[in-house]
Structures are given as structure tokens and as C-alpha cells.
Amino acid sequence: MDLPVVLFLLLGLLLDLLSGAVGGILYRVHEEQPPSTLIGSLAADQGLPDTGHLYKLEVGTPYLRVDGKTGDIFTTEIPIDRETLKDCRNKGKPCFLEFEVSVTDLIQNQSPRLIEGRIEVQDINDNTPQFPSPVLTLSVPENTHVGALFSIPLATDKDTERNGVADYTLTAGPEAVALFGLQVAEDRGEKLPQLIVLGSLDRERKDSYDLTIKAVDGGNPPRYSSALLRVVIADANDNAPQFEKSSYEAEVAENSPIGHSVLQVKANDSDLGPNGEIEYTLHQAVDPVPKLLRIDRSSGIIYVKGSLDREEINNLKFYVVARDKGPSPKSSKTYVSIDVTDQNDNAPAVEIRGIGLVTHSDGVANISEDMPVGTAVALVQVSDKDEGENAVVTCVVAGDVPFQLRPASDSSVDNKRKYFLQTTTPLDYERVREYRVEIVAVDSGNPALSSTNSLKVQVTDTNDNSPIFSPTLFEVEFAEENQPGEKVVDVVASDADSGTNAELVYSIIADSSTRGLFEIDPNSGEVRARSPLDREHKERYEFRVTAADKGVPSHRGTATVVIKVLDRNDNDPKFMLSGYSFSVLENMPPLSPVGMVTVQDMDEGENAQVQLSVEPDVGKFVIQNGTGTILSSISFDREKESSYTFRLKAVDGGDPPRSSYVGVTINVLDENDNAPVVTKPSNSSFIRLSPMAAPDSVVEVVKAEDIDSGSNAELVYNIAGGNPHDLFYISPSNGEIILTKELTRKHSGLHRLVIKVSDRGKPSRHAIALVHIYVNETIANVSHVEALVGHSLYTPLDMDIAGDPDYGLAAQRSNIVYGSLAGVAGVVTVIVVVVFIRHRLQREAKSGYQAGKKETKDLYAPKQGPKSGKGRKGKKGKPPKSPKPLGEDEEVSLQKSLKFNLDGVNDSPRIHLPLTYPPGSPDLGRHYRSNSPLPSIQLQAQSPSASQKHQAVQELPAANTFVGTGGDDNSTGSDQYSDYSYKTNQPKYSTKTIFAHCLMLP
């Protein structure tokens, strides 16, 4: 088994010259350790020598023993069982075993010192979780819905939370595995097992199920135990009782009479009859709750059942279950916490024990007359089991005796105080040989309780004069770098005794900081330095010297020697680092701080005053003495010089002076003060791109550079303008311009891409480049293309130059011409049919008279069109006038009622006809519904915001086109752009006025 780790946490009170107490020591040990297991070493931990002292265990038996010479604390044959210790019943708090050890200096024969401490007894996993019964019964109604939870009785583990119950598992047979599961909840740090219903229950099919529940603790290795969980399926009950509160808290005074009501819990059930009648029971109540409390099953009132003693248990925690009386009872639970309040029912207890070498036998203590004033005769412990004001105890010494009580430590609490019973005046065996000391303790309760105890003190005769130093404090100044054996100071003591009792022997009481550095002549008291002293290592030494007489027993006196070590200039100035490297931003103004250095000189005074300078001093940097701040005399430009290197010199003010050097490097960091520069291509250059170029092919590469560094030189490319058809894509990282889609005829011509090259600096800088791409098979007229490029350079960048702007207009003209011809052909066909029918009717009319019909020659005469019709002849029979060009307003009106939509892959024209026609308009929809082979009308919403307004869209083939377009013939040769030119502020694709000639038929 591993040895426990000894931890020393706190040294409380300082040791004083006469007597004192040391407290706050904390050790840790696991429980159940074998005998003679080392817990801690007081001599080593307190820095006391392991010889010449007597260690005695005052408090801690029977679990502990102390080695009288070394102060080592060991376990005994009686093992420490954490679960049986009275103060370790609360699992949520650490478990401590208190001890007290007195330390007596056998050489100086001083009053003993009291060392108080605690041992934290750490838990081991030596207890197995236990269920309250090997068979647990749980009633579940058969109409319980899936997901309902039912509490399972808890398993208890005497170990602490870490080794306590950590988890539960549930094992079910084949019939129950699909019906029940386990859910482990956590409430106030406690694991709560709950049975969860996973399926529908049928009591008629099976009325009970046997499951196995296992509780596992958190130890390593873990311990576990199992119990049979019998689930009984009960008849249906609709509603479970519901408590008015989820938890209840109350207080009850200790010593309350049996039958005293503490608290009432109340639950409600909305069912009727037995299903609504509720009875209350205590649930998961562990000892001593069932012994101290009971609950009225009908009213829910909790009564005192046993004797309540706050000193035994101060809090009672448990659950109360409310269960109805239905055939298949339902239940719910609530948490109850009851604090037991204190009553002043305990009188203070006064315990008198021996301390150090002063032993007690049958209530008698023996003390030598030469003991100094303040010598502890006994250790008095006053305690009160109550709490609060009832536990505040006042303790005094009664009568006129030369003794008083002094607190033994500052770590005492109100209900437990420790005092040294010490002398107040010198004792003289020849004057008074015996004292009866009575100690009275009174608490602060109402009414107050008190108790007394007494001690008989016997004075013994002895050599009662000790050596005395004059003065008791020797202060001396001594220069460092001394020679070994050099005299430091003479200390002298005197003894009022005579003869052998006045012969003195001097010695040094050295601690770890002075051991081996100084020596004293035992006869003369001359103190010498055994080795050279170094002020920089330690500039002040303090130790005690003693003078002991040769009496039996020997007496001794002590004095303190303080040596202040004087400085010599024996240390060079020292920079904190072996080299310094600073980084600064460029463009900083002169006299800006660029770095700071720290230099130390271990000497003091003028020997430690350091002056700093720059070497070589070329006027670029200066340094401030005092702060060590390096200032620049220039403004940095990283592109001209990126780093500077020089040395700093430090010189102290000693005589002779000492100096040291350190190297300094100043690295100039980049600022984004340079914009990218495009190196390729030139803004006035162009490249030809074949219309047959395949998509994803690289068209051109834009190259740029930035003389900054880091992210300020990382470039990002993007197309800022001139790409309305999304024909091109540029790689953001390498500037490659890639063709993204196939080129069509409308894409022929010059394309100007506006490329923006940006760096990643903050704020970012950028450059603009123009990339001209001429889409055509060949370049027959280079000068013409160059003229276009030249014109592009003076065209605003927000205007797109992307191919032939007249291409769409030419296509519209062709479609309108074809539509006009188709319309004329249709009109001629209709006229021929009408003439033919009229001719047939006239022939039938000539064959004879038909009764009931009025004969008229205008029966098949064509109807007159509107007065504004374009086919009407003039009044004097003149041929019809050619239509005059439309005015601007008429053109706009016509474009609104008859407009082309060039959307689509091939830009095929569409005619948009309004559903509401102006007066006199031809019924084009009716005409084309009867003549067009294509579907006649499609309804399309003009905009998302006007979804109730539609357009009649007629898809017309070339053969049925009746609308003609004016314009020039389209050229498809390589010189089709010979008359091509750009005009500023013109639309991307200008359209000419579209004329539609609509004829009305009779």
C-alpha cells in the first residue's frame, strides 16, 4: 500500500522567546492505514532540530503516536476508520482528526510550545452500496403513458461522494426489456434512479415483472450490489397527487417534546372517491430520521418522535411521498429539509491537561521555582457543545494566585478554546510552596450555564539564576568579501550565580539560513565568519546565541545577533536578456519609443547607479536613462531599410566602474503604404479571342506586384466592370481571366474588362487595370481595333463595353419584317376567301327569289374600318398616304402595348400584347388563335409585386410574323465593325423605334 503524501500547509503563530503556540498544520492520510504508517514529521516541517527537544502527544490518542525525539507522527494499532469518526458523519464536508503536540526544549528548559494541527482522513472505497431491502416493490398503473417516471428506492454508501453511489444499472428479462428502462437523475448531488415506462402495460396479460437493479460506487476498483426490483402492474388511476411545493424547509428546536408538530406538507388530488384520498409517508429517510420524526398519514403533519439533540445531528433531510388510495395508487414526492436549532442545554466543559515537561498526576502539577514568568503550567481546554451565543464561553482564574490564562493559539473557535495556564510572577519555593488554582467557565446563553475545575500546583526548589546578555540585541556592520575566520563581534553574558553555576558556555542557535556561516568561541563569546559573505546573496543575517551555565540543571540565556553586510562593487551591470529584438512599424515619427531594456546591478548605492548609451552612436537612436526606453531619431521606411543593429553599454557608478554590453536589433514592420502595381497587360493593349474559343479556356493573365510584405503584399483580383454577359471570370489568387461560357454572334466585338487588384492590408489599397478582348475570327483592320481601344481609354469605367450593341436591334428588325410579310399574306388570303364566298352567294342569288329574305346588294360588302384606320382612302379617291413616322409619345405608347422580349438563349423575339386593347385596335389574339400553329396565349406576371397583372405573350414563328422592323442589313464578315464607334452615355444596347402595321379586316 502506498505511503500517504505529507503536506505542510500553514505555520500559524511565530515562535516567541518565552512560550507560544504553533497552529494551522494540515496533513492528509487515507483511512485504514496499517500501524506505524508515517503521517508527518513535525521537526522537519517546523524547522526545529531533531535533538535536544521533547515531543509529546497531548491530543490524538488512540489513533496517533508521536516519536519523542523527531516529532514524527505515526498511526497506531487502532486503524482510523473514517466512517466511525464522530465528526465525519456529514458526507459533504472533509473529515478531520485533530491533534496537539507539545515541544519542550530540553537544553534551554523553556516553557513548552504547543503545536496544533489537523489530519484530513481521506476516504477509501471500503464500503459497498446497499439497498434498503433485497427486494424492492414498485407499483405502476396499467394506464401509465409512455415516458412516465417512477422513483426507485435509493442505495446508500457510507463512503464519501467520490466513493459513494455513482450510477445505477437495470437488467430486464425478455418480457420487460421493451417495457421498462432506467433513468438516473441528480438532485442536490445525489443520484436518483427512476424507472421509465417504455411501452404499454396490460395488467390482464401480466401483472408483475421482476427486474434487477445494480448500484455501483465511484471507487477504483468500484464496488456494487444488486436488488430485485419487482414492478407490480396496478389498475388505472387517472391523477397523481400533487404537492403544493416542490420542497419544504423548517426549523425545530432541539429538546422539543415528543409529539411537537414541526411542519405540514400538503398535496392535492383531483380524482374523486378513494382515488382522491391521500396518505403521506416518509420516503428514502435514512437513520436517524425514522427514529426522530413521524408523519401523520392523513394530514401530512410531521411530528417529533424521538429526542432531538442538535449536538448529535443538526439537519434532517428526507422525502415525503403522497399516495392516493385508488386500486392502482399513484404517488408523488417532495423534498423536506429540517434544521435543528440550538438550545442552551450544555454547560461548558473545563479540561486541564499537562503540557510539555510539566506532568500532572491526580490533579497535581509540579513546577520549578526558576521557571520564568509566563511559563505554562497546564493546558486548559474549554468547550461547549452548543452553538452561536450559547457556545461563547468566558474563562477566568478565580482567586488571588500568580497564574493567568493566555490563549494557546489563534485558531480556536467560539465553542472550543485552549489556554495556557501560565505564571504571572516569579515563583519562590522559600516563600510559597503550593497553590490551588480554580478555573471558572461561563457561557453566554440565557440563562447562562457555568462549570469549574481546579489544579494543585507544587513549586520545586532549583538553581534559579540564568545567564543574562547585556545587551540582548547585538547589531554590527560587516563588509562583504571578508577573509575566513575574520572576527565579527564579541557577545558577553553574565550569571548572578557563583561557582560552577556561573561558568558559561557560548553557542549559536543557527537556522537553515545561517548554519555553517558563523562560529563562536565557547569560552569568550567571540563570533567569527567561517566563509566569505556575499551581500548580493544576503545582506542581513540574524541568529541567536546562548550562554549556558554548568549548573544541574543548567540554565541559559539568549541574545540576538544582527549582522548587516556592507556592499562592495563586485558585480557588473547585467541586462535581463542576452539580446533584445524589437519590432516597430514603419513611418513612425522621430523620437517614438521603439523598445525598452532592463538592466540590474546587484550592488547598492552608487555601485548600482547605471548609465546607458548607444554604441556606435550614429544619430539614429537614443536611450533614456532611468526608464531604459529606446527612442528613434529617424522615421523608418521598411522598403529602404528593414532592420537596424547596435549595442547598448551599461556603466555603473562604482570605483572603479564596471560595465557590460548587449546587442539590440530593431526590425521594421511593414505598413500598407504602397498600392499594387499592374505589370501586365498594358491598358492600351488588346488580345483577340476567337468566337470558337471553348469555355474554361484561359484568355489572359493579369499580373501585379506590391512592394509591401506579408498580408499587405497578398493580392486579390476581381472584375469590377465590363462583364454584363458574365462571359469572363478572373481567378482571385493568380489573375487568370477564364472564358466561362460559349460565345455567340452578339458577343463579337470589343470587350473591356475593368480589373481591380487589391491587397489584404488594413486599410486595403488597390489598382485598376483595363483588359481589352476583341472577339472575332481575325483582325483585318488592326488600326480600327486600336482606335476602339483608344476610345475605350476615354470612356467612363461605369459604362460597359461588351461586344456589338446593334446586334439585338438587327435581329428585331428581321423579325418585324418577317412578321409584317406573314401578316400581309394572311390578309391577302382572307380577301381571296371573302371574294370567293361572295361570288358563290351572288350566283345562288341569281338562281331565283327566296321567300322571307330581303335582297340587298350590300349584304357582303366589307364593313368600314375606323376613321383612323390606316387602309382608308382619301375623300377624293386618292391613294392612301404612307404612314408617317410616329412621334416620340406614339412610339412610347406603341412600345408599351407591343414590345419585344429578348430573353432566352437565342434571343428569339416575343410580342407582348396587353389584355385591354385601345379602341379600334385589331383583335390580334383572335387572329392568331385561328391562324398560328403554336399555342396562342401565355400568361406571365410582369413583376413579382404585381402578380395579378399579366401579359398576353404570343410566340410567333417566322412564317406567321406580321410585324416588320426597319434597319440596316446585318454584316457577318470580318469587317462588320468598320463603321463601329462608341458614344459616351449611350445605353448598353440601344434599340431603334419599332413600327407595327396592324390591318383591320371586314
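Computed over heavy atoms, backbone and side chain alike; hydrogens, waters and symmetry mates excluded. For this chain, numbers begin at 1 and follow the sequence in order.
- Within a 6.0 Å sphere centred on CD of Glu641, other residues, nucleotides and ligands contribute more than 12 heavy atoms.
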Task: side-chain contact (heavy atoms from CB on, under 4.5 Å) between Val701 and Ile737, worked out - done: CA-CA 6 Å; Val701 178; Ile737 299 176; over 6 Å; no
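- Asp706 places a side-chain heavy atom less than 4.5 Å from the side chain of Leu715.
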TODO: Determine, stepwise, if the pair Val584 / Asn667 fulfils side-chain contact (heavy atoms from CB on, under 4.5 Å).
DONE: CA-CA 6 Å; Val584 296; Asn667 296 310; over 6 Å; no
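- Under the 4.5 Å side-chain criterion, counting only non-hydrogen atoms from C-beta, Ile687 is in contact with Val699.
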Determine all donor-acceptor pairs shorter than 3.5 Å in which one atom belongs to a side chain in residues 669-681; sequence neighbours excluded.
| from | atom 1 | to | atom 2 | distance (Å) |
| --- | --- | --- | --- | --- |
| Asp670 | OD1 | Arg638 | NE | 3.1 |
| Asp670 | OD2 | Ser709 | N | 3.0 |
| Asp670 | OD2 | Asn712 | ND2 | 2.9 |
| Glu671 | OE1 | Asn587 | ND2 | 3.2 |
| Asn672 | ND2 | Asp759 | OD1 | 3.1 |
| Asn672 | ND2 | Asp759 | OD2 | 3.2 |
| Asn672 | ND2 | Pro763 | O | 2.8 |
| Asp673 | OD2 | Asn587 | ND2 | 3.3 |
| Asn674 | ND2 | Asp708 | OD1 | 2.9 |
| Thr679 | OG1 | Lys703 | O | 3.1 |

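- For Gln183, the side-chain hydrogen bond (donor to acceptor under 3.5 Å, both in side chains) partners are Gln194, not counting sequence neighbours.
- Evaluation of the side-chain contact (heavy atoms from CB on, under 4.5 Å) rule for Val832 yields Val828 as partners, not counting sequence neighbours.
- Taking Ser682 as the reference, Ser684 meet the side-chain hydrogen bond (donor to acceptor under 3.5 Å, both in side chains) condition, with sequence neighbours excluded.
- Here the CD1-OG distance, from Ile630 to Ser592, works out to 13.5 Å after rounding to the nearest 0.5 Å.
- Atoms CG and CD, from Leu753 and Glu700 in turn, are 10.0 Å apart once rounded to the nearest 0.5 Å.
- Taking each heavy atom of Ile779 and Tyr774 in turn, the nearest pair found is CG1-CD2, 4.0 Å.
- When the side-chain hydrogen bond (donor to acceptor under 3.5 Å, both in side chains) test is applied to Gln624, the partners found at least two apart in sequence or on another chain are Thr627.
- Side-chain atoms of Val668 and Tyr644, non-hydrogen and from C-beta on, do get closer than 4.5 Å to each other.
- You'll find the side chain of Thr795 reaches within 4.5 Å of the side chain of Ile801, heavy atoms only.
- Using a 4.5 Å cut-off on side-chain heavy atoms (C-beta onward), Ile730 and Ile738 make no contact.
- The CZ atom of Phe582 lies 14.5 Å from the OG atom of Ser643; values are rounded to the nearest 0.5 Å.
- Residues passing the side-chain contact (heavy atoms from CB on, under 4.5 Å) test with Ala825: none are found, sequence neighbours excluded.
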Scan the side chains in residues 614-622 for donor-acceptor partners under 3.5 Å anywhere in the protein, sequence neighbours excluded, and list what turns up.
| from | atom 1 | to | atom 2 | distance (Å) |
| --- | --- | --- | --- | --- |
| Asp617 | OD1 | Gly619 | N | 3.3 |

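- In the model, Asn781 has a side-chain atom that pairs as donor or acceptor with a side-chain atom of Ser783 under 3.5 Å.
- With sequence neighbours left out, the side-chain contact (heavy atoms from CB on, under 4.5 Å) criterion links Pro590 to Ser635.
- Here His725 contributes atom NE2 and Lys746 contributes atom NZ; the two are 5.5 Å apart, rounded to the nearest 0.5 Å.
- Taking both residues in full, the closest heavy atoms of Val662 and Leu577 are given as CG2-O, 3.6 Å, listed atom of the first, atom of the second, then distance.
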Task: Verdict with reasoning, Leu750 to Val775, per side-chain contact (heavy atoms from CB on, under 4.5 Å) - done: CA-CA 6 Å; Leu750 183 66; Val775 180; over 6 Å; no
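- Judged as a side-chain hydrogen bond (donor to acceptor under 3.5 Å, both in side chains), and not counting sequence neighbours, Thr645 has no contacts.
- The two residues Leu743 and Pro691 make their nearest non-hydrogen contact at CB-O, 3.6 Å.
- Every residue two or more places apart in sequence or in another chain that forms a side-chain contact (heavy atoms from CB on, under 4.5 Å) with Thr740 is listed here: Tyr729.
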TODO: Assess whether side-chain contact (heavy atoms from CB on, under 4.5 Å) is satisfied between Thr629 and Val597, documenting all intermediate values.
DONE: CA-CA 7 Å; Thr629 303; Val597 299; over 6 Å; no
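- Around CE of Met596, the count of heavy atoms belonging to other residues, nucleotides or ligands within 6.0 Å exceeds 12.
- Here the side chains of Glu586 and Glu639 are in contact, with some heavy-atom distance below 4.5 Å.
- Ring centroid separation for the pair His772 and His751 does not come in under the 6.0 Å cut-off.
- Checking side-chain atoms of Arg752 against main-chain N and O of Ser792 turns up a donor-acceptor pair under 3.5 Å.
- Expressed to the nearest 0.5 Å, how far CZ of Phe728 lies from CD1 of Ile719 amounts to 8.0 Å.
- Scanning both residues, Gly722 and Ala802, for their nearest heavy atoms gives O-CB, 4.5 Å.
- With contacts defined as side-chain heavy-atom distances shorter than 4.5 Å, the pair Phe686/Glu786 qualifies.
- Counting only residues at least two apart or on different chains, the salt bridge (charged side-chain N to carboxylate O under 4.0 Å, His left out) pairs with a member in residues 710-724 are Glu714-Arg760.
- Put simply, the side chain of Arg688 gets close to the backbone of Glu777: a donor and an acceptor are under 3.5 Å apart.
- From Asn723, atom CG reaches atom CD1 of Ile755 across 8.5 Å, with rounding to the nearest 0.5 Å.
- Phe575 has its side chain out of reach of Thr598: every pair of non-hydrogen atoms, C-beta onward, lies at least 4.5 Å apart.
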